[in-house]
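Have a look at the structure below before the remarks.
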Amino acid sequence: MLKSSTFDPSVQIERNVSVPMRDGVKLAADIYRPAADGAYTVLLLRTPYNKEDAQTMNYAHPAWYARHGYVVVVQDVRGRWASEGDFHPYAFEAEDGYDTIEWAASLPGVVPKVGMYGFSYAAAVQWLAAMTRPPHLSAIAPAMIGSDSYQGKTYRNGTFSLALLQSWVLFVAQDTALRQKRPDWASELTDLYAGIHAYYKRLPLNDPPAAVKSLAPYYLEWLAHPTRDDYWKATSLRDHYGSIDVPALHIGGWYDIFIDGTIENFTGIRRSGTAAARDAQYLHIEPWFHMPWSRYVGELDFGPEAANRIDELQFRWFNR
């Protein structure tokens, strides 16, 4: 049932809407709509980091986009927070993204055109969905994401990205522990995360604590594939540039861990994407690091021109 937002009467919110996937798993989404009658295009954010947060450390709240004339769908990806299923990074995001896009395009009171936004993992899911060419995906705005599942993300020139991956696994596995009704494991992971620098020194790498082995088996899979084999190529954008046929606004940060891959995506699709996509790629880079996005990086102040104006930029992009 739609209800008016408690903080903005011009926006209506529908919580925990069930979105069926092709294999029967149901994912949960929140829908933000302009209260005024009319048909509106859709913006979709798919995140493993809790749909109620909606990546608001960098973006405006979804209600802001709804006030500006969009139906905004924010979804927990498979196996995360309110959604059903088991979480395995990237494994289901192409199909789940396709199914969610087509479901969103069929909602009542919408123009059947869908745009996607989000950064980091929420940018990777955009690319994985775009590779499947959903008929109603019209534009995307992936931010702060690399070009390859192996190089620059899990490994860099053959070396395991230890700090990046170990901290990320400890963080995301906490929700999995709570889903499995193991508050003791959640507490253990929280403590390990708090003492992360000591955890980085733990050896051997392929013998993590029992909580990590049980809650994040994909961590051991990553270690078991130290070279760029078919395991990585299946979810690598670099190997599928020719499949991309949507306009994309690539957003990067000069101090972001994925800046090289962000630039490679832009140049790669301009060179190898479909004819429709090649001339519809745009690249916007700010002097930012991964999060939060602001004019400050360490002790450096890049001035007011480097302030975060991403929502205005995306508003112009999706309007176009």
Side-chain angles (χ1 to χ4, degrees), residues 14-31 44-56 62 73-104 116-132 134 142 145 149 153-154 164-190 192-193 208-225 231-232 234-237:
E14 195 173 3
R15 301 282 189 191
N16 291 315
V17 179
S18 181
V19 186
M21 299 294 102
R22 64 188 66 182
D23 62 354
V25 171
K26 295 181 175 60
L27 308 187
D30 294 340
I31 303 175
L44 171 62
L45 169 62
R46 305 188 64 246
T47 175
Y49 305 124
N50 192 350
K51 60 182 171 55
E52 295 184 9
D53 174 80
Q55 296 201 315
T56 50
V73 176
V74 187
Q75 182 188 65
D76 289 328
V77 300
R78 178 183 295 244
R80 301 293 293 167
W81 302 89
S83 288
E84 297 178 355
D86 297 321
F87 179 64
H88 192 295
Y90 311 111
F92 300 97
E93 305 302 357
E95 294 82 2
D96 288 354
Y98 183 105
D99 294 348
T100 301
I101 290 163
E102 295 308 295
W103 169 87
M116 297 183 74
Y117 74 100
F119 83 100
S120 198
Y121 193 102
V125 302
Q126 296 176 57
W127 287 123
L128 290 168
M131 284 158 46
T132 69
I145 194 60
S149 300
K153 185 179 293 181
T154 311
L164 170 63
L165 276 306
Q166 288 193 340
S167 57
W168 189 81
V169 165
L170 291 179
F171 175 68
V172 298
Q174 293 175 42
D175 172 61
T176 307
L178 295 175
R179 291 167 65 91
Q180 295 186 12
K181 303 187 186 306
R182 289 298 304 263
D184 55 328
W185 278 353
S187 178
E188 178 185 349
L189 294 171
T190 300
L192 290 172
Y193 192 78
V212 173
K213 290 180 181 178
S214 297
L215 300 170
Y218 44 83
Y219 172 73
L220 294 178
E221 288 184 14
W222 298 339
L223 290 170
H225 292 271
Y231 174 86
W232 301 108
T235 55
S236 172
L237 175 60

**Study point:** Under 3.5 Å: donor-acceptor pair, side chain of Asp76, backbone of Ala28
**Key:** no

Revision key, fill the gap. For Pro209 and Glu188, the nearest pair of non-hydrogen atoms, with its separation, is CB-OE2, 3.5 Å

Practice item. May I ask you to test the Leu189-Leu215 pair for a side-chain heavy-atom distance under 4.5 Å? Key: yes

Point to revise | Side-chain touch Gln180/Trp185, heavy atoms, less than 4.5 angstrom | key: yes

Exercise for review: Taking the side chain as every heavy atom from C-beta outward, state whether Val212 and Val169 have any atom pair closer than 4.5 Å.
Suggested key: yes

Review point. Is a side-chain donor or acceptor of Ser18 paired with a backbone partner of Lys26 at a separation under 3.5 angstrom?
Key: no

Point to revise | Closest non-hydrogen atom pair, Val19 against Ala29 | key: CG2-CB, 4.0 Å

Practice item. Look only at the side chain of Ser167 and the backbone of Leu164, and say whether a donor-acceptor pair between them is shorter than 3.5 Å. Key: yes

Practice item. For a side-chain contact (heavy atoms from CB on, under 4.5 Å) with Arg46, tell me which candidate from Val73, Val74, Asp96 qualifies. Key: Asp96

Exercise for review: Give the ring-plane orientation class for Phe87 versus Tyr218, where under 30° counts as parallel, over 60° as perpendicular and anything between as tilted.
Suggested key: perpendicular

Practice item. Kindly give the heavy-atom pair with the smallest separation between Pro134 and Glu102, and that separation in Å. Key: CB-OE2, 3.5 Å

Point to revise | For the student: nearest non-hydrogen atoms of Gln75 and Lys51, plus distance | key: C-CB, 4.1 Å

Check your understanding: Would you say the side-chain atoms of Gln55 pair up with the backbone N or O of Phe119, donor to acceptor, closer than 3.5 Å?
Key -> yes

Check your understanding: With a cut-off of 6.0 Å (strictly less than), are more than 12 heavy atoms of other residues, nucleotides or ligands near CG of Asp23?
Key -> yes

Exercise for review: State the CG-OH distance between Leu128 and Tyr121, to the nearest 0.5 angstrom.
Suggested key: 8.0 Å

**Study point:** Parallel, tilted or perpendicular, as decided by the 30° and 60° cut-offs, for the rings of His225 and Trp232
**Key:** perpendicular

**Study point:** Whether Trp222 and Trp168 hold their rings parallel, tilted or perpendicular, with breakpoints at 30° and 60°
**Key:** tilted

Check your understanding: Quick check: does any side chain N or O of Thr132 sit under 3.5 Å from a backbone N or O of Ala129, one acting as donor and the other as acceptor?
Key -> yes

Point to revise | Min side-chain heavy-atom separation Tyr98-Glu95 under 4.5 Å | key: no

**Study point:** Exam field: side chain Glu93 to backbone Pro89, donor-acceptor pair closer than 3.5 Å
**Key:** no

Check your understanding: With a 4.5 Å limit on heavy-atom distance, are the side chains of Lys213 and Pro208 in contact?
Key -> yes

Revision key, fill the gap. Heavy-atom nearest pair, Ala123 first then Gly118, reads CB-O, 3.4 Å

Exercise for review: Run through Leu27, Asp53, Thr47, Asp175 and flag the one making a side-chain contact (heavy atoms from CB on, under 4.5 Å) with Trp81.
Suggested key: Asp175

Review point. Looking only at heavy atoms, which two atoms of Ala122 and Leu45 are closest? And how far apart?
Key: CB-CD1, 3.9 Å

Exercise for review: Quick one: pull up CZ in Arg15 and CD in Glu52 and give me the separation to the nearest 0.5 Å.
Suggested key: 6.0 Å

Practice item. Evaluate the side-chain proximity of Met116 to Ile101: yes if any heavy-atom separation is below 4.5 Å, no if none is. Key: yes

Check your understanding: With distance as the sole test, does Thr190 use its side chain to make a donor-acceptor pair with the main-chain N or O of Ala186 at under 3.5 Å?
Key -> yes

Check your understanding: Can you find a heavy atom in the side chain of Leu165 that is under 4.5 Å from one in the side chain of Lys153?
Key -> no

Check your understanding: Just by modelled atom types, is the Val172 backbone N or O under 3.5 Å from a matching donor or acceptor in the Arg80 side chain?
Key -> yes

